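A short write-up of the structure that comes next.
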2 protein chains.
Amino acid sequence: MRQLRRGTSAQASRFSLDSSAAIESHLDRIHVGDSIPILAGMPPASVDVVFADPPYNLQLEGALKRPDESVVDAVDDDWDKFASFEAYDAFTRAWLLAAKRVMKPTATLWVIGSYHNIFRVGAALQDLGFWILNDVVWRKTNPMPNFRGTRFQNAHETLIWAARDKSAKGYTFNYEALKAGNEDTQVRSDWTIPLCTGAERLKDAHGRKLHPTQKPEALLARVLLSSSKPGDVVLDPFFGSGTTGAVAKRLGRRFVGIERDAGYAAAAEARIDAVTPLPEASLAPFATKRDAPRVAFSALIERGLLQPGATLTDKDGDCEVLVRADGTVEFGKVVGSIHRIGALVQGAEACNGWTFWHYADGGRLRAIDHLRAIVRQELAA
Amino acid sequence: MRQLRRGTSAQASRFSLDSSAAIESHLDRIHVGDSIPILAGMPPASVDVVFADPPYNLQLEGALKRPDESVVDAVDDDWDKFASFEAYDAFTRAWLLAAKRVMKPTATLWVIGSYHNIFRVGAALQDLGFWILNDVVWRKTNPMPNFRGTRFQNAHETLIWAARDKSAKGYTFNYEALKAGNEDTQVRSDWTIPLCTGAERLKDAHGRKLHPTQKPEALLARVLLSSSKPGDVVLDPFFGSGTTGAVAKRLGRRFVGIERDAGYAAAAEARIDAVTPLPEASLAPFATKRDAPRVAFSALIERGLLQPGATLTDKDGDCEVLVRADGTVEFGKVVGSIHRIGALVQGAEACNGWTFWHYADGGRLRAIDHLRAIVRQELAA
DNA sequence: GTGAACGGTGAATCGGATG
DNA sequence: CCATCCGATTCACCGTTCA
């Protein structure tokens, strides 16, 4: 890869009216600087896909500790600080407009975010005339827990996929290939992918994570395989640790990276240099079926397989518990999960409530595991 | 159920300053009319939870056909037509403000939507000072396919859960019950639930679906079980086919329904009349650790479970403190609460002394939390 | 060599009562 | 408004150490 470019390159568009030639000098490079002036220096209508991972505008206050007193290493970088929603909205509109100018009429744009910012981004997209094609949910297999027990575990992020205009036709969506790689069924709008951890996660000299929000390559692979073709130009205006560039190179796409922080840009360059492009034929199908889905006891109630107020017993019909509406069971005055209460009545430390507790099915007792199997079949179907 | 009410009831707030009494006349009824004037006639700060399924502002043009040329029976009601994003935003802000007024300070609000409208709703929520607690993804097990093969299968909808203000404290979140009903793990922000089909789906006289966007009862059950208590007042300003009311009644909550379409309201009323509430025992909130009575460390000494002059240690028996008669402990020359001294010896900022400190029980070490449990049992008896 | 046990950690708007 | 205090709270995965 060639050297990093510094500053803008406003002269590029002066030299050529042919965008496809003028863009060439920008390709497969990381431009160090702010996105908006650098985008302004690029030829118009020259990129095929935009992937953007903008600051989320998290509004964190004190430090958060785990129950074991260790400190959560949260995002506290300056780039994530905005004075107000208005300031964040102005920033969002500015980069979206700059990105829109360099998009080909057939180009599409992806943005990723969380509930802190994604609603503002989505509304701005619509206000600026982008046409939303899908929102896509990245379900994390291994999200961070909620340590205080005050909310639901924040287990997903949201991507928005949008065309440049309502009337834009001819955008790339590799429908058949995606379907073929997904057990011959359409790819859904929710994707189950692990966080970026282990060897994939870039580390600094002290072994700490280099970038606070490095995205998994599997996520970018799905994005690029679904909405771009080999040879297409992929723009990432918030390049960070360079996941977009690494995946683009591996999948035979060209990229334009823009990153404000020279340290991140340098790390990304080294990372991308180490990537070997895949042979064209070997682009692996990416969608895999997950193993047997975990079924909550409350799902049996939600689906009407058990009624609140019903009675469960052990296999001999001796001790009885009451099924409650919230998916707990009650024994005497004690309420808890099927597992905890099963352990309690046996005086054991642990118990598999699925096999311990039985319900009356006609004249006989049947383990509630049977009902779980029914739900699993539905989920698999 | 009593008769449907027509029109607003602006007089209610004139008769009483006590919201809990003034709201009584509004409960367990469907008010036929527009949400905003009807909400304006309700007493302020009188509801515990709001669930809203507003029009989605779908921008469908022309009929959608399946590959076999059959027509998809999509949403084409007048209530879903808005001239522009601006009109939709104004509508959204108006009903959100009207709902905010009737919410208690501790109330929370749920809104469900799709990518057509949810970004606008989320941004409006933030602009109006609501504080987003989670966004929750409803993953449909059986979504409609994308017939054209031009996008990902739209397999989810998004719910936003928000408190009335950033500083609102004390909202209901039944953390422990949810966890106990979910294999003893935290409930995530993505919920897998089937569409409303089969017998649950209301039909009109011709056997066609009565309402285009009837939500599954399982979804509402999860919403109400997580964020409300029995007896709480649940407001639904877009009542539609009455799923919120049916589930509220079944789960022992009160409801206020508002619906513009008299036909939907009548169907909802009949539906709710047919619901039998669950037995109270299957609903009663159970005592969690959080609301167990507070026990002072000194109570252990007062009850003779620990003697002044006794020694406590950490779980490994390493560092020792002396129990004093006043309920403090002494480490070297430092005296303080079990929590302070526990933090001190670990060099931590905070410490739960109940689980940190141990006493000798026969040959083994046991946490003093065990003694607290004994006191609590005495208090409960 | 193998497996159990243990430690570390990830985009986090993460408490409530009292004075 | 702020300071102080009590005390409640974590899931999945990866890498290392130890038996």
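Each chain gets a letter, A, B and so on, in the order the sequences are listed, and its residues count up from 1. For clarity, every value in this text was computed on a predicted model and none was experimentally measured.
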Would you classify B:A350 as touching base, sugar-phosphate or nothing, given that sugar-phosphate means primed atoms plus P, OP1 and OP2, and contacts are heavy atoms under 4.0 Å? base
Do A:K65 and C:dA12 share a donor-acceptor pair, side chain to base, under 3.5 Å? no
Check if the side chain of A:R66 and the base of C:dG10 share a donor-acceptor pair of N or O atoms closer than 3.5 Å. yes
Just to be sure I understand the rule, does B:R188 reach a base, reach only the sugar-phosphate, or reach nothing, if contact means heavy atoms closer than 4.0 Å? nothing
Under a 3.5 Å threshold, yes or no: a donor from one side chain and an acceptor from the other, between B:S167 and B:D165? no
Writing each nucleotide of DNA chain D 5' to 3' as (, ), [, ], | or . by Watson-Crick or G-U pairing under 3.5 Å yields .|||||....|||||||||
Would you please indicate yes or no on a ring centroid separation below 6.0 angstrom for A:F82 and A:F91? yes
Assign A:W79 to base, sugar-phosphate, or nothing according to its heavy-atom contacts below 4.0 angstrom with the strands shown. base
Would you mind classifying the nucleic acid contact of A:T213 as base, sugar-phosphate or nothing, using non-hydrogen atoms under 4.0 angstrom? base
By nearest-heavy-atom nucleotide on DNA chain D, the more 5' of B:F297 and A:N142 is B:F297
Before accepting this row, confirm whether a basic side-chain N of the pair B:R139/B:E157 lies closer than 4.0 Å to the acidic partner's carboxylate O. no
Using a heavy-atom cut-off of under 4.0 Å over every strand shown, decide if B:G336 touches base, sugar-phosphate, or nothing. nothing
Once you apply a heavy-atom cut-off of 4.0 Å, does A:N117 come out as touching a base, just sugar-phosphate, or nothing? nothing
Give B:S337 one of three labels, base, sugar-phosphate or nothing, depending on what nucleic acid heavy atoms sit under 4.0 Å from its own. sugar-phosphate
Name the nucleic acid region contacted by B:Q126, choosing base, sugar-phosphate or nothing; use a 4.0 angstrom heavy-atom cut-off, strictly under. base
By ring-ring contact (aromatic ring centres under 6.0 Å, His included) - contacts of A:W161 (at least two apart): A:W110, A:Y171, A:F173, B:F152
Polar side-chain contact B:N134-C:dA12 base: donor and acceptor under 3.5 Å: no
